[in-house]
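First the proteins, then the strands, lettered A, B, ... as listed; each starts at 1.
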Amino acid sequence: MGQLNENDLVKIKDGVSFIPGASALVGPLNRIINWGRAGSIWPVTFGLACCAIEMMVAGSSTNDLDRFGIIFRASPRQADCLILAGTITKKMAPVIRRVYDQMPEPRYVLAMGSCACSGGLFDTYAVVQGGDNFLPVDVYIPGCPPRPEALIEGLITLQKKINQEQGRWSQLV
Amino acid sequence: MIPVSWYLSLSGILFCIGLYGFLTRRNVIVMFLCIELMLNAANLNFVAFSHYLSDLRGQVLTFFIIAVAAAEAAIGLGIVMALYRNKQTVYSDEINELKG
Amino acid sequence: MPGSYLPSEYLPILMLLVTGIAFGVLVLWIGKLFRVQRPYFEKLVAYESGNPPTEEPRMRFSVKFYTIAILFIVFDVEAIFLYPWALVFNKLGLFALLEMFIFIILLLIGYVYAWKKGNLEWDN
Amino acid sequence: MQILILLIQIAILVAVVLLHVAYATYFERKIIGHMQVRMGPMLVGWHGLLQPIADGIKSFFKEDIIPDQADKSLFLAAPIICLAAMMVSLSVLPFAKGWALADINVGLLFIFAMSSLASYGIILAGWASNSKYTLLGGIRSMAQVISYEIAIGLSLVGVMMLSGTLNLSQIVEAQGNSFFGMFIISQPVAFFVFFIAMLAETNRVPFDLPEAETELVSGYITEYSGMRYAMFFMAEYIGMFVMASIGVVCFLGGWYGPFAVPLFPPIWFILKVYFIMFLFIWIRATLPRYRYDQLMAIGWKLLIPLSLGNIFITGLAMTLAQ
Amino acid sequence: MKIQYKPKRDLLETIIHLEILQGLALTLKKLFSKPITREYPGEMPPVYPGFRGQHALVRDPVSGTSKCIACLRCSQACPARCIRVKYHIDESNGSRIVDNYEIEALRCVYCGYCVEVCPVNAVTMTDIFEYSSTDRQSLHFDKERLLENWDHFTKSDSYERQSYVNPLWRPRGFPKSRLTASSRESVPKNRKIEKQFTGTKLGIKKNNKEAGGYNNLYPTHGEKNAH
Amino acid sequence: MSRKISFNCPVQAGDEDRYRIQMGPQHPATHGVLRVDLDLDGEIIRKCNPHVGYLHRGFEKLAEHRTYVQNLVLTDRLDYMAAMANNVGYCEAVEKLLAIEVPQRSRYLRTMVCEMARLASHLLWLATHALDIGAMTVFLYCFREREELLEIFAELCGSRLTNTYTRLGGVRQDVTHSIMMKLEKFVDSFPSNLEEYETLIDTNRIWLKRTIDVGTVGADEAVGLCLTGASLRGSGVDYDIRKHFPYAAYDFMDFEVPLGETGDTYARYRCRIEEMLQSNSILRQCIERMPPGPIIGDDAPDLIMPNKPGRKVEVDVPAQQSLIKLVEDRETFMEGDVYVATEVPKGELGFYFVSDGNGTPYRMHIRSPSFLHISALKTMAKGSMLADLIAIIGTLDVVLGECDR
Amino acid sequence: MLIKSIFLYCALVIITTAILTVRFRNPVHSVLAVLVLFFHMAGLYLLLNAEFLAAVQVIVYAGAILVLYLFVVFLVNVKKEIKTDRFIASYKIAAICSFLVFVLLIAGSRSFLIGPSGKWTIEAVNRITHTKAIGSEIFSTYVLPFEIVALILLVAVIGGILLAKQDKQEDFSIHKKRFPQLKEDNSA
Amino acid sequence: MESTGIIPRLEVSYPDDVLHSYQYCGQDVVLTRKKHILDICSFIRDQCAMNHLMFLCAVDNSRRKEAIGKNEYERFEVVYQFYSMTTKHSIRIRAQVPDDDCSIESITSLWPGADCLERECFDLMGIHFSSHPDLRRILMPEDWKGHPLRKEYPLRGIGEWAGYETLKEKSLELRTFDYRSSQKGNE
């Protein structure tokens with residue numbers, strides 16, 4: 001596809017463009033891909049602090065994330081989503097970034113709880129004031145820690161967001 | 001219908017490649033691999049003769065050769081391990097150098 | 001006729017092999033057209049629990065693996081002899097049993113030796 | 001023409017098997033879920049029935065990462081080796097009388113050969129990724145596979161002695177004449193050994209050390225992402241299927257139902273295979289994981305003597321019976 | 001007290017893998033029991049009065065706006081420093097007029113101190129917990145948003161939400177007589193407050209209480225369980 | 001892509017048979033963010049070097065900038081599996097420092113929530129320990145039980161995990177009848193439920209093989225390593241703060257301290273299981289003997305405390321509100337230092353306060369059991385196998401929030 | 001024709017992989033080339049109506065012996081050869097030698113004549129299957145070699161274990177001799 | 001924690017080292033010099049059967065009212081709390097460490113568990129423990145500047161840690177998202 005240059009493409013919205021004539025294919029394909037992605041969000045097993053416990057509860061029998069097709073993967077290479085569950089310290093931040101970097105596209109970040117969203121209680125020398133300082137956070141879930149149901153609700157928000165995506169699968173985007 | 005000479009030539013070529021590798025490679029492990037190649041060339045000969053002579057003796061012999069090749073590999077690689085442990089190398093020329 | 005024998009029952013296997021490989025290659029190749037590929041340095045760094053990789057991972061292993069492999073080879077060869085033996089056992093009867101008994105006993109000596117030498121223990 | 005029919009057969013087989021792989025994961029998640037008093041996939045499709053499809057689509061469109069320091073050619077080849085080896089072993093399975101794609105005389109040996117080839121895929125994946133966890137997982141897997149391959153081979157010798165053949169269809173036929181139509185009755189010890197070794201060969205709990213999550217992250221597949229990871233996954237489930245089928249063929253009477261119930265033979269076969277797969281899943285939901293040395297000890301110190309003993313007892317019994 | 005071990009397996013039990021079979025039986029039993037899963041988006045978890053969820057400013061039914069008097073106790077008590085109150089003093093009577101009342105929901109740690117110290121019951125925590133968002137700004141509540149939260153909360157027809165107050169709420173630090181009328185009467189009259197629970201109230205079987213009750217479960221076997 | 005990976009720690013000659021692995025921070029078995037650097041010889045650990053600090057949030061520094069009451073919120077985030085127990089420990093310490101009396105009823109309530117927290121924490125420990133060893137079903141069964149406790153917490157104080165339940169001088173809220181009914185139901189059913197999980201692991205041969213003679217610590221060694229809690233008692237040392245320095249209402253409770261003998265993972269596991277049953281019996285006693293009375297003392301300080309002596313927190317109050325004075329100026333903070341330890345599920349949680357008379361602690365040091373347990377890992381894991389390390393981390397029951405503070 | 005093309009394909013792959021085995025720098029790649037070679041050798045055995053031998057070739061050679069090779073490659077550090085330029089030595093002389101041997105072999109093969117035909121024709125073998133044919137030969141005619149194989153294997157086990165046995169302390173002292181700067185590792 | 005009679009024994013054995021002793025909230029406290037701290041600790045362990053080291057931490061006295069103007073207080077102090085599981089006695093030792101010679105002897109030889117406690121003191125307070133086997137930072141990153149628990153260290157830190165700076169730069173470089181800076185609290 002290297003021969004196509006920018007001008008041949010049809011621009012749909014900012015930053016999203018397609019090969020002309022492909023739109024008949026693109027629309028349904030887009031919907032199918034988004035459906036697949038929203039239906040199988042695999043977060044990487046990465047608990048940071050208190051929220052990790054509630055994250056585990058969300059995966060346990062009472063709430064059962066598996067219902068949504070969400071299973072935890074230990075390796076970031078197979079994960080789609082990083083749940084920042086807990087306080088991000090400055091010592092930890094590079095590690096988190098590295099784990100995020102090692103995830104394949106498309107990847108999403110959920111900031112769960114006050115600490116991951118904004119540092120929360122810990123406005124100190126050692127704590128990063130919010131995961132969005134160095135990561136593109138997709139969904140913010142307030143609470144300290146949020147109830148497991150709140151995490152599920154956050155994941156549903158993420159599913160909605162995924163379903164509205166346009167062509168995040170194309171090489172040309 | 002494949003003439004038996006095709007098999008013989010193939011096994012000859014294989015044997016010579018094995019020999020060449022054995023003579024040129026410095027890594028003892030690869031040298032052993034080359035020996036395996038040569039053994040395989042011989043096996044191929046045996047099986048081909050056996051087939052063309054309608055006699056199973058060659059195949060039985062091949063069978064035993066494979067079993068013995070297993071033993072050979074075990075011992076040979078054991079020697080490699082011992083060499084490596086003592087000399088910290090698996091290269092034939094370095095093993096020579098370090099003899100003294 | 002020697003030299004013109006074609007083992008035709010193996011043909012499906014060959015075809016399935018080709019199918020299997022082709023399936024793998026095709027899936028990956030077609031997927032390549034649709035995937036987002038944005039490799040960059042940090043993404044391609046080896047995974048090590050979120051730490052920067054510290055050293056070359058290819059290093060030596062415990063020699064135990066080697067002794068296990070030797071035992072494996074010997075038993076594999078033994079099994080290879082057992083298969084034809086098992087098939088012709090009915091025909092040969094007690095003689096074959098004795099024959100194999102001696103064979104296995106000989107190999108078991110090596111097995112017991114390895115056991116006694118502690119090559120089957122992993123936690124030292 | 002013959003080749004065309006063959007191609008259609010292969011196409012059907014591959015399609016069915018891929019569907020099977022997809023739904024085996026669903027089956028597993030559902031069953032484990034209910035054993036853990038939860039529900040398993042529910043919301044993607046009716047009762048989560050489309051879950052495997054969604055997973056597949058997602059994996060297909062997922063980025064494929066080849067780590068910088070990986071040995072690229074081997075890294076790319078490893079999943080294909082694994083998948084192809086496992087798929088090829090499908091060809092000799094007799095789903096019913098004459099329903100084997102390739103009815104070869106050394107069918108059992110062919111399966112062994114292919115499973116050892118698949119273990120190459122695993123070790124190469126571990127080695128080529130060039131990461132520490134994968135390497136450790138690969139080595140573990142290799143040592144495990146070679147230890148248990150012997151147990152599997154030796155445990156089946158009893159069956160070979162009873163049936164006098166290595167051809168899978170003929171083994172099934174031989175069972176038809178035996179008591180109850182199953183060799184498990186006359187070879188319980190062999191079945192026990194085979195079952196344990198089968199769990200180990202397919203890397204299932206309690207022998208899932210090569211990919212033990214709490215120890216090695218994901219073991220040899222730690223560095224694999226997207227479709228390549230899915231291919232290992234498929235290979236694993238096809239491997240489960242193949243191993244379960246071997247168990248069915250050698251011990252559970254293949255396509256013959258007990259009491260000769262007139263049911264379509266392949267259905268019996270599939271039912272039995274799924275019974276064994278259910279056992280796999282059931283065990284996974286129940287048991288903890290062995291430690292590495294314990295695993296090797298079971299293989300070498302328990303299963304091999306047991307299966308050798310079994311061979312002798314079978315031999316003696318057969319000699320006496322004559 | 002020495003810990004007690006279960007009896008050692010005997011040979012037969014080892015051979016037939018009794019304990020593993022028992023485990024398998026348990027999981028099989030569970031396979032056919034009813035899952036305890038709450039199907040969350042359809043089925044809500046039980047939320048009790050006093051749950052520390054989303055913040056709201058109580059809308060005074062009389063004035064139609066917040067009850068806040070800008071005493072700043074909440075922002076003083078807040079350990080995360082996430083409450084900001086902007087006010088000006090009304091020159092005519094010296095009372096304070098609240099201009100804006102901001103709560104950073106993403107920094108709040110939901111300790112409930114602000115609710116506890118509020119003398120007029122103006123700020124409250126509702127039991128709504130589902131308000132995740134894809135952007136930060138929508139979780140930075142200002143006064144209007146907080147009042148909306150209250151409206152949203154009171155509108156939803158859930159358990160006792162119309163009379164939502166913490167039944168045990170009492171701002172510590174000053175006597176009840178000095179509370180404003182609205183906060184004193186925040187617990188509705190029709191709400192039954194139980195008598196204080198004491199130990200005698202629950203009829204617990206006396207013979208069951210013994211500390212050694214578990215001994216029946218783990219019969220003593222002096223030897224160590226050496227496997 | 002042109003950048004080459006530079007290894008910051010090149011292979012040294014002679015180290016070639018060592019295989020270095022960094023486990024964690026992102027690793028499923030490290031209970032959060034622990035990192036362990038391992039030198040492996042095959043699978044055998046030759047050297048084990050735990051790294052902590054990935055969750056260091058500056059608690060002790062932050063505490064110097066917040067008042068005593070506000071710091072209570074911090075303690076929830078210490079050992080987030082048993083926040084109630086931390087709350088109680090903190091309040092006991094501050095009350096000792098400020099000489100605040102606690103009513104009897106709230107002592108009982110504190111004991112009750114402490115034991116509930118212990119159960120919740122031990123259940124989580126059992127769950128993760130079992131998961132580490134590979135028994136994933138036990139994990140989910142334990143969470144089922146734990147969920148009941150958390151729901152009781154939620155009903156009691158409005159939050160499931162970070163409870164902030166105690167107050168200086170008492171507790172936040174009184175229990176209601178429905179809570180007690182639920183608790184009683186839980187207490188009644190707990191032993192049989194525990195028995196159920198035990199079916200899966202307790203006598204299971206794989207479990208026994210994985211735990212017996214793994215990570216063995218002798219009694220003297222354990223004391224030297226400053227282990228506390230069940231990790232110490234598994235080695236047979238009789239040290240339980242609830243018995244040694246009774247706090248809350250432990251004086252009035254009949255319970256025993258289970259002691260192991262062998263000091264291996266299995267002994268520690270059994271110890272904790274027995275402890276759960278003991279906690280259960282304490283809970284039953286609390287339900288039975290709960291005395292009537294106020295839940296918070298009259299001299300309990302307000303939630304808003306001045307953080308400087310002489311400075312009043314009082315703000316001008318609108319005239320029409322008739323609230324004249326909000327906060328008494330509390331000059332009675334004493335100068336001095338005090339150390340109070342409580343038995344939290346992980347072990348001995350101590351608070352060392354240095355007060356210089358202000359409303360904020362001059363120095364607050366938290367003696368966290370997990371921190372010391374992790375340092376013991378170095379000794380315990382040496383010579384065992386990789387899989388054992390997982391079991392040992394699991395059995396030490398470390399929580400990094402408390403360790404790193 | 002089909003048979004010939006199959007043979008030629010197998011022969012081509014065998015020769016190619018054999019050359020690759022010699023040429024690859026990385027021993028792991030060499031081992032893998034040999035793996036492919038063995039599979040095609042098994043294919044040739046199939047053409048020669050020796051299906052059991054083909055299976056044995058794969059199981060023993062590919063499944064066991066090469067595993068041992070792989071282990072050894074992993075056990076010893078092979079990084080160095082990948083880096084150095086001269087991973088082969090004196091290739092000219094070797095080439096000449098090999099060529100001479102090849103000429104000798106080809107010349108010799110001319111003199112082979114097809115001898116008297118035995119009783120195991122293709123039909124005879126297929127009637128009772130190849131495995132059984134081999135089995136009945138071994139367990140009736142070749143009993144002694146069969147037991148000798150057991151002896152050889154026994155020697156191999158014991159010898160292999162003895163050779164590979166590792167003495168920890170001795171090992172360390174060797175390290176010290178070679179690397180005198182090495183001390184007990186106390187850092188990190 | 002009743003009075004134990006250990007203090008007089010200590011005063012007799014180490015007259016030069018014991019500066020001052022008192023009881024507060026029923027807890028025995030001894031102020032000592034740092035010079036013979038290892039001997040004192042081993043005395044306490046061996047002679048007084050105090051086998052359990054409850055905690056070890058450091059305190060910065062520089063802004064402490066009680067410390068100002070009294071010459072027995074130094075800038076830092078290292079606090080040890082010991083407990084005897086047999087006699088149920090406990091004692092607290094406050095060893096004074098001056099600012100200009102910020103080091104004290106390590107007690108890891110007596111209690112191996114003190115290893116990480118001392119490392120923590122070093123990390124957060126900057127007190128060097130001589131003869132400690134492996135004195136490195138434990139909680140903060142290796143290249144962190146300053147010792148956070150010292151009184152002059154501000155709550156939010158001085159400057160930014162270099163590792164975090166590079167991380168931020170890297171994430172800026174790699175971002176394909178709109179970057180939103182986090183908002184500070186209202187303190």
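With a 4.5 angstrom heavy-atom cutoff, E/Ile36 touches chain A via backbone and side-chain atoms both. Both the backbone and the side chain of E/Glu39 come within contact range of chain A, judged by heavy atoms closer than 4.5 Å.
Summarising the geometry, atom CG belonging to E/Asp135 is positioned 11.5 Å from atom CG belonging to A/Asp138; distances are rounded to the nearest 0.5 Å.
Of the listed residues (E/Pro41, E/Cys78, E/Pro35), the greatest number of heavy-atom pairs within a distance under 4.5 Å of chain A belongs to E/Pro41. Contact count versus chain E (heavy atoms, under 4.5 Å) is highest, among A/Leu158, A/Ile152, A/Ile156, for A/Ile152. Comparing E/Arg38, E/Gln54, E/Glu43 by how many heavy-atom pairs each has under 4.5 Å with chain A, the most go to E/Arg38.
Annotation: residues 60-67 of chain A contacts chain E through A/Ser61, A/Thr62, A/Asn63, A/Asp64, A/Arg67 [non-hydrogen atoms, separation under 4.5 Å].
Shown here are the side-chain hydrogen bond (donor to acceptor under 3.5 Å, both in side chains) partners of E/Ser132, two or more places apart in sequence or in another chain: A/Glu153, A/Thr157. The salt bridge (Lys or Arg N to Asp or Glu O under 4.0 Å) test applied to E/Arg145 returns no partner, not counting sequence neighbours. Shown here are the side-chain contact (heavy atoms from CB on, under 4.5 Å) partners of E/Cys111, two or more places apart in sequence or in another chain: E/Pro79, E/Val109, E/Tyr113, F/Val73, F/Thr164.
The nearest pair of heavy atoms linking A/Arg147 to E/Pro45 is NH2-CB, 3.5 Å.
In summary, E/Arg81 and A/Asp123 do not engage in a salt bridge, as defined by a charged side-chain N under 4.0 Å from a carboxylate O.
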